[in-house]
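Remarks on the structure that follows.
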There are 2 protein chains.
Amino acid sequence: MPDSAIRPRKEFGKTIAADITHRLREEIIACALPPGEPLRFDVLRERFGASFTTLREALTALTAEGLVDAQEQRGFRVAPVSRQDLTEVTDARVLIEVELIRRAIERGNDDWEIAVISTLHRLKRIEQRDPEHPLRDPEWKVAHRQFHQALVSACGSATLLAIRAELFDRAERYRHLSANFRPRPRDKAGEHQAIMQAAISRNADLAVQLIETHIRSTSDNVATYAGHLLDTE
Amino acid sequence: MPDSAIRPRKEFGKTIAADITHRLREEIIACALPPGEPLRFDVLRERFGASFTTLREALTALTAEGLVDAQEQRGFRVAPVSRQDLTEVTDARVLIEVELIRRAIERGNDDWEIAVISTLHRLKRIEQRDPEHPLRDPEWKVAHRQFHQALVSACGSATLLAIRAELFDRAERYRHLSANFRPRPRDKAGEHQAIMQAAISRNADLAVQLIETHIRSTSDNVATYAGHLLDTE
DNA sequence: AACGGTATGATTTTCGAAAATATGGTCCAG
DNA sequence: CTGGACCATATTTTCGAAAATCATACCGTT
């Protein structure tokens, strides 16, 4: 289900609707389309060069992912943000991610270990390039996502992985929301390193604790530095 | 997000696409459209009296819910079933439902207690009518769903409730799959009664244990009596 | 007979026009 | 001035035809 986002230039593989869905998702997560923004067909039609129907299909898919809000007979808009929603997403992520980490540590084989180590390695290399503003680097985004994805990939449940991916996207949107206001990033590199070590050494309890802290502190950061954006309805 | 399925006669509220989505979902869950069945537009067009585009939108929504399988450029089909998928759905349900029951018991107020008691009452009345084949009674289906929904409704997280609803639907499809082969229903009435009592008396640990047993034994039943349907790819 | 390539038919996917519905403003009655 | 009904416009939603893509059968070559 996740996308392994290799340069999604033009229509990479298949249907236009799937491509539009992908591009719209990226823009919403990156807050290029801000929360609450009405999504009018005329505008989208021009921006994405697709017809009503195709756009509608994409918007329907994103509605199911919780990134778009459908108001029957009154069109679509980017899903609004709120403190309540941030809390719900955070709690749900903790619940699921903790379970998946446990399972992955229990079941992960050599390939899993390699994936975890190598994705972290790439992430650290990218961070060295611009330690101040990692979130602005699209490559960092991809690498960060892939590291966390690798960590749980061995859990054995495609169903839970799909749910996790959805929640990850929704959380990432909140991260972008606060990116412009956050003074300096905290020591994420160190946290990722510690999580990797706990996972590889099969210390489940420690890994779980680190992951929960990681998720919650990110969420707290958003609430602190983007709180003023979370109050409008 | 859940539907409170009151007689969805004709186009009840709003858009045709939403209506078709609802009807298609019901038919898939009830296995009127069997797992793996190709969903060709000509056929659907005749069956539901809607156009390509509208149907496509409905199928896209159901794909996101895990009830339909989209194969790019090669159309849609009813999501296939498998032992692996049944296991995943069951485990995910236990994980989430257990958490939600805990939260609901902690946060539920008078309205919650009333909802739990009254939905169980209705369920029992319906069961008295035809104790042998409850699953064949569409009213039982609705009442059963509403009881379980009421149990967790006070959890405080719309996000987790939406995920739960999706998993419930997917599990219900498996139940229908085995309904024709199951010799006699086990004592569900007693189980529901016990769950209700544990919840109302705020005995979280007991309620959690009962719910987990309830979910897993249902799943085991399916594996036992519909196992021969779960092996074809 | 086996293989590869191509033409034909079936099916999905996309499009823009047309129908349905909401929005906003104006006018009139109270 | 206020409130409500009505009309005009903006926007969404739906449709069936047209384009794109896939599946299959056919044919010629080895």
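Order of the sequence lines fixes the chain letters, A, B, ..., with proteins taken first and strands second; residue numbering starts at 1 for each chain.
When the P atom of D:dC15 is taken as reference, atom CG of B:Leu44 falls 14 Å away, rounded to whole Å. Distance, A:Gln71 CD to C:dA22 C1': 12 Å, rounded to whole Å. Rounding to whole angstrom units, CG of residue A:Asp19 and P of D:dT21 are separated by 13 Å. Here the C1' atom of nucleotide D:dT11 and the CZ atom of A:Phe76 are 12 Å apart, to the nearest Å.
No donor-acceptor pair closer than 3.5 Å links the side chain of B:Tyr174 to the backbone N or O of B:Ala226. Proximity of a side-chain donor or acceptor of B:Thr90 to a complementary backbone N or O of B:Leu86 within less than 3.5 Å is detected.
Take B:Arg83 and apply the side-chain contact (heavy atoms from CB on, under 4.5 Å) test, not counting sequence neighbours, and it matches B:Leu230, B:Asp231. With sequence neighbours excluded, no residue satisfies ring pair (Phe, Tyr, Trp, His ring centres under 6.0 Å) with A:His176. Legend: residues meeting ring pair (Phe, Tyr, Trp, His ring centres under 6.0 Å) with B:Phe52, ordered by chain and number and at least two apart, are absent. Applying the ring pair (Phe, Tyr, Trp, His ring centres under 6.0 Å) test to A:Phe181 and every residue at least two apart in sequence or in another chain returns A:His228.
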Scan nucleotides 5-11 of chain C against the protein and return all N/O pairs shorter than 3.5 Å with their distances rounded to 0.1 Å.
none

Return the polar atom pairs (N/O with N/O) between nucleotides 17-19 of chain D and the protein under 3.5 Å, or none.
none

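Of the candidate nucleotides C:dA22, C:dT14, D:dT21, D:dT21 has the atom lying nearest to any side-chain atom of B:Gln73.
Direction change of the helix axis from one end of the helix from C:dA1-D:dT30 to C:dG30-D:dC1 to the other is 10°, with five pairs defining each end axis (rounded to 10°).
Taking a cutoff of 4.0 Å between a charged side-chain nitrogen and a carboxylate oxygen, A:Arg23 and A:Asp19 qualify as a salt bridge. Ion pairing of B:Glu172 with B:Arg145 is present here, as a side-chain N (NZ or NE/NH1/NH2) and a carboxylate O approach within less than 4.0 Å. Remark: A:Arg170 engages A:Asp85 in a salt bridge, criterion side-chain N to carboxylate O under 4.0 Å.
Listed by first then second residue, pairs satisfying side-chain hydrogen bond (donor to acceptor under 3.5 Å, both in side chains) with a partner in residues 28-47 of chain A read A:Glu27-A:Arg47, not counting sequence neighbours. The list of salt bridge (Lys or Arg N to Asp or Glu O under 4.0 Å) pairs with a residue in residues 154-164 of chain A, not counting sequence neighbours, reads A:Glu97-A:Arg164. Within the structure, side-chain hydrogen bond (donor to acceptor under 3.5 Å, both in side chains) contacts touching residues 51-62 of chain B (residues at least two apart or in different chains) are A:Arg56-B:Glu57, A:Glu57-B:Arg56, A:Glu57-B:Thr60, A:Thr60-B:Glu57.
Residue B:Leu39 is classed as a sugar-phosphate contact, given heavy-atom separations below 4.0 Å to backbone atoms only.
Distances shorter than 4.0 Å separate none of the side-chain N or O atoms of A:Arg74 from OP1 or OP2 on D:dT11.
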Cut-off 3.5 Å, no hydrogens considered: what does the side-chain donor-acceptor table look like for residues 108-120 of chain A, sequence neighbours left out?
unit_1	atom_1	unit_2	atom_2	d
A:Asn109	OD1	A:Asp111	N	3.1
A:Asn109	OD1	A:Trp112	N	3.1
A:Trp112	NE1	A:Ala150	O	3.2
A:Trp112	NE1	A:Leu151	O	3.0
A:Glu113	OE2	A:Arg202	NH2	2.7
A:Ser118	OG	A:Ile114	O	2.9
A:Ser118	OG	A:Ala115	O	3.3
A:Thr119	OG1	A:Ala115	O	2.7
A:Thr119	OG1	A:Val116	O	3.1

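Within residues 54-62 of chain B, the residues having any heavy atom under 4.0 Å from DNA chain D are, by residue number, B:Thr54.
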